[in-house]
Protein chains: 2
Amino acid sequence: MKLSKTSEYALRILIYMAKVPDQLYTAKQLVKELKVSDKYLRRLMTDLSKSGFIRSIQGRDGGYTFIKSPEDILLYDIIDSVEGMEKMNGCLLGFEKCSCTNPCAMHYLWVDIRTDLNKVFRETRLSDMDFNKILRY
Amino acid sequence: MKLSKTSEYALRILIYMAKVPDQLYTAKQLVKELKVSDKYLRRLMTDLSKSGFIRSIQGRDGGYTFIKSPEDILLYDIIDSVEGMEKMNGCLLGFEKCSCTNPCAMHYLWVDIRTDLNKVFRETRLSDMDFNKILRY
DNA sequence: TTATAATACTACCTATGAGTAGTATATATG
DNA sequence: CATATATACTACTCATAGGTAGTATTATAA
Ligand code: SF4
Ligand code: SF4
């Protein structure tokens with residue numbers, strides 16, 4: 001389940017913002033910190049606003065801020081909103097949809113890892129990130 | 001590290017062939033069993049021949065057969081040959097090349113899973129597959 | 001030696017994710 | 001109200017993975 005660039009950006013942006021929530025971030029500022037294409041980030045921010053994680057404030061002194069508390073946002077939610085999580089519900093290896101009563105060749109090699117991975121994404125909240133250990137956003 | 005369709009096909013094909021090695025498989029036969037696009041499979045078979053896993057026999061009564069023993073083929077080798085394994089050596093999440101002394105936000109959530117995953121691909125040989133349990137190719 | 005049945009090759013087509021350009025809209029402040 | 005500084009929107013471009021079409025080549029067997 002290699003994440004799309006878009007998911008990667010979404011995670012990086014929201015994790016960066018979650019380090020100091022309750023603050024207004026402009027697109028300009030985020031672009032500078034995260035080194036993501038300006039136009040692409042702006043478009044993504046609009047999507048993330050529509051998804052209800054943040055809200056946008058237009059006009060002078062505008063920007064983006066959390067509208068949902070980082071404690072209520074799972075990594076899963078973020079990925080799900082930008083690229084859809086069927087990719088994870090199905091087979092993370094990219095194989096065809098799986099019934100698991102009808103296992104393909106990779107299944108038994110894969111299933112434990114899948115469980116761990118799902119756990120990470122479904123149980124980690126933005127507020128759970130260990131910000132002290134993060135050296136790069 | 002969602003695998004590309006091409007890796008998926010390569011694994012499925014070679015695993016299918018490894019169930020009964022020492023046999024000649026025609027493209028026609030593989031297409032029928034694995035339900036992969038005919039032309040695409042053929043092209044892939046040529047690649048797999050050039051990579052040294054199988055050899056092709058042209059002409060009437062031709063087909064493909066292992067030239068390297070399934071005992072000497074790691075899943076890693078297959079993926080590496082069709083899509084390159086940097087994707088796995090780098091960050092499986094799709095993040096930029098990582099130094100790990102300079103961890104990004106996902107690192108500590110991810111690193112153990114990455115280890116397990118690498119282990120599976122780097123230590124499983126085609127001959128290790130548990131063919132009794134595989135119900136789908 | 002000719003017909004047949006297989007693989008190999010070259011060149012396209014198509015859909016999608018990523019990124020870019022330009023314009024429109026909103027709002028705080030003087 | 002005018003201006004400066006934000007975000008929102010629409011419509012492109014570009015690269016790549018996946019898939020397709022048609023032709024060329026190879027080798028067996030009658
Ligand atoms: S059987 Fe397991 S490995 Fe195979 S496609 Fe389903 S989840 Fe993936
Ligand atoms: S620090 Fe860890 S999670 Fe981040 S890019 Fe490197 S390997 Fe991936």
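A note on names: the letters A, B, ... follow the listed sequences, proteins ahead of strands, and every chain is numbered from 1.
Across all their heavy atoms, B:Val36 and B:Val31 have their closest contact at O-CG1, 3.5 Å. Closest heavy-atom contact between B:Ala10 and B:Leu44: N-CD2, 3.8 Å. Nearest heavy atom pair, residue B:Pro21 against residue B:Phe66, reads CB-CD1, 4.1 Å. Of all non-hydrogen atoms in A:Leu117 and B:Trp110, the two that sit nearest each other are CD1-CZ3, 3.1 Å.
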All N/O donor-acceptor pairs, side-chain side in residues 45-57 of chain A, below 3.5 Å, sequence neighbours left out:
residue: A:Thr46; atom: OG1; partner: A:Arg42; partner atom: O; Å: 3.1
residue: A:Ser49; atom: OG; partner: A:Met45; partner atom: O; Å: 2.8
residue: A:Ser51; atom: OG; partner: A:Asp47; partner atom: O; Å: 2.9

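If you take OH of A:Tyr64 and P of D:dT5, they are 17 Å apart, rounded to a whole angstrom. The interatomic distance linking A:Tyr40 (OH) with D:dT13 (P) rounds to 18 Å, in whole Å. Rounded to an integer number of Å, the gap from CG of B:Asp47 to C1' of C:dC9 is 12 Å. Atom-to-atom, CG of A:Asp38 to C1' of D:dA6 comes out at 12 Å; the value is rounded to the nearest Å. Atoms CZ (B:Arg55) and P (C:dT7) sit 13 Å apart, rounded to a whole Å. Atom CG in B:Leu48 sits about 13 Å away from atom P in C:dT7, given to the nearest Å. Atoms CG (A:Leu44) and C1' (D:dT7) sit 14 Å apart, rounded to a whole Å. If you measure from atom CE of A:Met45 to atom P of D:dA8, you get 9 Å, rounded to the nearest angstrom.
The side chain to side chain donor-acceptor pair (under 3.5 Å) test applied to A:Tyr108 returns no partner, not counting sequence neighbours. Legend: residues meeting side chain to side chain donor-acceptor pair (under 3.5 Å) with B:Asp128, ordered by chain and number and at least two apart, are absent. In this view, B:Thr101 and B:Ser99 satisfy the side chain to side chain donor-acceptor pair (under 3.5 Å) rule, not counting sequence neighbours. Shown here are the side chain to side chain contact (heavy atoms under 4.5 Å, CB included) partners of B:Lys68, two or more places apart in sequence or in another chain: B:Asp72, B:Ile73. Remark: A:Ser81 engages no residue in a side chain to side chain donor-acceptor pair (under 3.5 Å) (not counting sequence neighbours).
In the hydrophobic clustering of this structure, B:Val20 does not group with B:Ile67; members are Ile, Leu, Val, Met, Phe, Trp, Tyr whose side-chain heavy atoms approach within less than 4.5 Å, directly or through other members.
In this model, no side-chain donor or acceptor of A:Lys5 finds a partner on the base of C:dG19 within 3.5 Å.
Using a 4.0 Å cut-off, some side-chain N or O of A:Thr6 falls inside it from OP1 or OP2 of C:dA18.
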- Under 4.0 Å protein heavy-atom contact, by nucleotide of nucleotides 11-16 of chain C - B base, S sugar-phosphate only: B-----

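Within the structure, the side-chain hydrogen bond (donor to acceptor under 3.5 Å, both in side chains) test picks out the following pairs touching residues 7-29 of chain A (sequence neighbours left out): A:Ser4-A:Ser7, A:Ser7-A:Glu83.
Helix-axis bend for the helix from C:dT1-D:dA30 to C:dG30-D:dC1: the local axis fitted to the five terminal pairs at one end deviates from that at the other end by 10°, rounded to 10°.
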Below 3.5 Å is the cut-off: list the nitrogen or oxygen pairs between protein and nucleotides 28-30 of chain D, distance only.
residue: D:dT28; atom: O3'; partner: B:Asp61; partner atom: OD2; Å: 3.4

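Of the candidate nucleotides C:dG19, D:dG22, D:dT7, D:dT7 has the atom nearest to the side chain of A:Ser56. Taking every side-chain heavy atom of B:Thr46 into account, C:dA8 is the closest of C:dA8, D:dG18, D:dG22. The side chain of A:Lys39 lies closest to C:dT20 when the candidates are C:dT7, D:dT20, C:dT20.
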- Task: Just do the side chain to side chain contact (heavy atoms under 4.5 Å, CB included) check on B:Ile134 and B:Ile15 with the steps written out, would you?
- Result: CA-CA 10 Å; B:Ile134 301 175; B:Ile15 289 170; 4.3 Å; yes

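Near DNA chain C, meaning a heavy atom under 4.0 Å away, the residues from residues 7-35 of chain A are A:Tyr9.
Taking Ile, Leu, Val, Met, Phe, Trp and Tyr as members and joining any whose side-chain heavy atoms lie under 4.5 Å apart, directly or through other members, A:Val111 forms no hydrophobic cluster with any other residue.
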